[in-house]
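By convention in this document, chain letters (A, B, ...) are assigned in the order of the sequence lines, proteins followed by strands, and residues within each chain are numbered from 1.
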Protein chains: 2
Amino acid sequence: MSELRKRRDSDEKLPESAESDHIDSEDDKAKANTDLSKSIPSGTDKAPGLLEWLVKDLPDKWRNWAVRAIFSLIMIVFFSMVIYGGPLALMITTLVVQVKCFQEIINIGYAVYRIHGLPWFRSLSWYFLLTSNYFFYGESLVDYFGVLINRTEGLRFLVAYHRFISFSLYCVGFVWFVLSLVKKYYMKQFSLFAWTHVALLIVVTQSYLIIKNIFEGLIWFIVPVSMIICNDIMAYVFGFFFGKTPLIKLSPKKTWEGFIGGGISTVFFGLALSYLMCQYPYFVCPIEYSETLGRMTMECEPGSLFRLQAYTLPSWMAWLKIFGVDNTVYLYPFMLHSLSLSVFSSVIGPFGGFFASGFKRAFKIKDFGDVIPGHGGIMDRFDCQFLMATFVNVYISSFIQTDSPQKLLSQVLYLKSEQQLQLFHMLKESLENRNLLIPE
Amino acid sequence: MSELRKRRDSDEKLPESAESDHIDSEDDKAKANTDLSKSIPSGTDKAPGLLEWLVKDLPDKWRNWAVRAIFSLIMIVFFSMVIYGGPLALMITTLVVQVKCFQEIINIGYAVYRIHGLPWFRSLSWYFLLTSNYFFYGESLVDYFGVLINRTEGLRFLVAYHRFISFSLYCVGFVWFVLSLVKKYYMKQFSLFAWTHVALLIVVTQSYLIIKNIFEGLIWFIVPVSMIICNDIMAYVFGFFFGKTPLIKLSPKKTWEGFIGGGISTVFFGLALSYLMCQYPYFVCPIEYSETLGRMTMECEPGSLFRLQAYTLPSWMAWLKIFGVDNTVYLYPFMLHSLSLSVFSSVIGPFGGFFASGFKRAFKIKDFGDVIPGHGGIMDRFDCQFLMATFVNVYISSFIQTDSPQKLLSQVLYLKSEQQLQLFHMLKESLENRNLLIPE
């Protein structure tokens, strides 16, 4: 074992004799731990300048809590400002967060597999990030601005051949990977290739879905994200005050009390937030390109989801009357959907966190990074958000109407003229057959 | 090191002291090699019964060639029979091949990371295979048979909530994974989780795209697949007879002569095969559900791609006249597209093979399996096919019209009645504005 140890101690030197030098056995754990921590910046409670001065009189064990709380607040303020800044600001923030998350995951991969002799190999991961972003962002841009981009002469081929260009770019990366294979590093290189692809799968597809959700209306982004944050905080609070029964071995600090208390809080928080947001067209209107205005618009006649509707309480809830609640309540239908979202975010959401903490244990790191003082890396804060974006997207496409006539029309207008006419006549016939259209 | 060695020798016993026991250094290579070969059945030249008797008199070094040649022939015959069997037979074959490929990749993963103590963990990979197949096959079924399935009362919810069901199934797998995490195996479990997802990415998405290509018309499947096979064989033949200049370190037997000779052969083979196939509606017609016939049909008036067209030779090709070639040649436009396909299959295709052989070297295995005597595993034969399906799919969507009026109509018919009417009027107005439709 001594040979392995020596190699680890002189980390900078290229390990000449090994094809792969993993963390190998219990004995090496401690060693490896310091080693990885060296290459991956872990979360610290060191706070920048002014803040350092503010918390300097606190006892050590409270200092981290203060830093953590202050930075939670800063993040919430920042998040609100970004929302105030509108969809473009949100999209840019999503992109930045995505790049940081990818960087953190990839850095761990490179720290675990230590490829020091191949400086160019690292750029390959970034190239793949660029390519897949080009593909996914392009897909949504084409979806939403296709008609507009098509009008700009120079850009038309980008829309028409978008997939082909993306795939060609991917092929270049693939060939680059194969050509970059060096005998001593085969296994590491393939592992990192897989690592990169899994990172892309997690990071890029999620951020693509987030952007798609934003286009459906800001509410589809803000409510789910806030729910996860609320669940995180409330699970901690309930766990802190009432926590007794351990929930899962993976995260010894999580308790059933926190899980359940967080869940119930999230349901109520979600209902309240939805009720609030449903009143503003700014939050509920999808983002569309308006032909008449010649620009993007978030003004609309709110859909039926966002209009108050009378619901009669089922008989078993009649006891609510003693609280002065009427037999008939007025709700926004979106609030009922918010129930599904809050159930998902408090039942499945935490598993994203368990997954991330299992991952950190597997590779023996404390945090994903040290960007946010008191919290760790960006990934440490966004771990529960990951499946949520997919859920919202799937939920919208399954339970909320997505194919709007406008969107389908823009697809129809891509057809050749004679095909458009053909479709027109087929649709006319079909409508007439069903007596929806009276033949002229 | 001796401790590690010992552990490997008593492979069956659960390694108690190690979190991860990779192949660690050059010293261990030989050891690990025999070890992995033990768990992954490698290709053999042992042939079954009758064949064994046929080749028994051949000298050893020719025996493998004979077995390989005979099984190449058997595969080509089998492939032709499947094509003769029609699209359904092809789809089932694709599915079987996909499952075998997945099995081979996953088996290697389990052999590399050796999880013996967690029997249930293996089923998780298969569960994910099932889930992603349900998702992808469902997506194509909904695309092509949506209208039909919608009519069957019991199945309607499967179409409407397809994505939601798939995503729920995935979430079950995800939660299952997190709950199955066992302290000693964290790293191995995460590695295998990643391994499974990369395998799904490679195997399931490709086979989904293959099925989509088949629906566009059998020719979009047969021509590309045959091109890769032809390129494989001809590169070998040219390399065998003229090979001198080594092409890539990864596969020392590949030569530039084979690469170029194979490429040129593939171009001509592709042209000839396309010319042949373009004459039969069976190969060129997309597979569609016919409302009038009440069943699937592959009969159609062949599109313009598959109708002979006159091309005037450019002046620099005038010298062809001395061979009796007229100034005007008659070609199927599809033949020109076949040029792109053959260039891709002979330039990028081989990199799929290089990738696979690099992978085999990285994990020190000879073949992916031993299903096909003389060839190895299914993956050994299909390695170059992988990027091809994506290329064809992207190529069709970029350069060949895909959104047919029929497909769009079926999307329109999913809308609510009033939205269908709305779309109708918008389309009518748009057509009238462009003077394509005379207002009545």
Side-chain angles (χ1 to χ4, degrees), chain A residues 1 17-26 160-161 163-164 167 171 174-175 178 181 186-187 190 194-195 197-198 201 250 348 351 354-355 358-359 361-363 387 390-391 394-395 397-398 403 405 408-409 411-415 417 419-424 426-428 430-431 436-437 440, chain B residues 1 17-26 160-161 163-164 167 171 174-175 178 181 186-187 190 194-195 197-198 201 250 348 351 354-355 358-359 361-363 387 390-391 394-395 397-398 403 405 408-409 411-415 417 419-424 426-428 430-431 436-437 440:
Chain A
M1 279 289 155
S17 63
E19 279 262 333
S20 133
D21 56 347
H22 262 281
I23 302 143
D24 299 295
S25 69
E26 294 285 326
Y161 303 128
R163 286 192 191 173
F164 189 75
F167 181 69
C171 283
F174 183 78
V175 168
V178 172
L181 285 168
Y186 282 161
M187 185 153 165
F190 273 94
W195 193 290
H197 279 71
V198 173
L201 207 64
L250 210 60
I348 306 291
F351 277 89
F354 302 152
F355 183 85
F359 179 86
R361 274 150 200 273
F363 296 101
L387 283 174
T390 314
F391 178 76
V394 168
Y395 192 85
S397 80
S398 297
D403 269 351
L408 274 177
L409 182 67
Q411 266 180 283
V412 173
L413 298 182
Y414 280 128
L415 295 176
S417 304
Q419 289 180 310
Q420 293 180 24
L421 267 175
Q422 193 191 343
L423 176 66
F424 173 78
M426 289 189 321
L427 178 60
K428 192 176 174 191
S430 159
L431 288 169
L436 291 167
L437 192 75
E440 288 154 51
Chain B
M1 279 290 154
S17 62
E19 279 263 332
S20 130
D21 56 347
H22 262 281
I23 301 143
D24 299 294
S25 68
E26 294 284 326
Y161 304 128
R163 286 191 192 173
F164 189 76
F167 182 68
C171 282
F174 183 78
V175 169
V178 172
L181 285 169
Y186 283 161
M187 185 150 165
F190 273 94
W195 193 289
H197 278 72
V198 172
L201 206 63
L250 210 59
I348 306 291
F351 277 89
F354 302 152
F355 183 86
F359 179 85
R361 272 150 202 272
F363 295 101
L387 283 174
T390 314
F391 178 75
V394 168
Y395 192 85
S397 79
S398 298
D403 271 349
L408 274 176
L409 181 66
Q411 267 179 281
V412 172
L413 297 182
Y414 281 128
L415 294 176
S417 304
Q419 288 181 311
Q420 293 181 24
L421 267 175
Q422 192 190 344
L423 177 65
F424 174 79
M426 291 190 320
L427 179 59
K428 192 177 174 190
S430 158
L431 288 169
L436 290 167
L437 192 74
E440 287 154 51

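Both the backbone and the side chain of Phe359(B) come within contact range of chain A, each with at least one heavy atom under 4.5 Å from a heavy atom of that chain. Using a 4.5 Å cut-off between heavy atoms, Phe190(A) contacts chain B through its side chain alone, with no backbone atom that close. Using a 4.5 Å cut-off between heavy atoms, Leu250(A) contacts chain B through both its backbone and its side chain. Heavy atoms closer than 4.5 Å to chain B are found in the side chain of Phe167(A), but not in its backbone. At a 4.5 Å heavy-atom cutoff, the contact between Leu431(A) and chain B is made by side-chain atoms alone.
When Thr390(B), Val175(B), Ile348(B) are compared by the number of non-hydrogen pairs under 4.5 Å with chain A, Val175(B) comes out ahead. Contacts with chain B were tallied for Trp195(A), Phe354(A), Phe391(A); Phe391(A) has the most, counting heavy-atom pairs under 4.5 Å. No other option in Leu421(A), Leu181(A), Leu387(A), Val412(A) has as many heavy-atom pairs under 4.5 Å with chain B as Leu387(A). Comparing Phe174(A), Tyr395(A), Tyr161(A), Phe355(A) by heavy-atom pairs within less than 4.5 Å of chain B, the highest count is held by Phe355(A). Contact count versus chain B (heavy atoms, under 4.5 Å) is highest, among Leu427(A), Val198(A), Leu436(A), for Leu427(A).
Leu409(A) contributes atom CG, which lies 10.0 Å from atom CD of Gln422(B) (distance to the nearest 0.5 angstrom).
The shortest non-hydrogen separation linking His197(A) to Leu201(B) is CD2-CD2, 4.2 Å.
Here the two rings, on Phe424(B) and Phe424(A), have centers that are under 6.0 Å apart.
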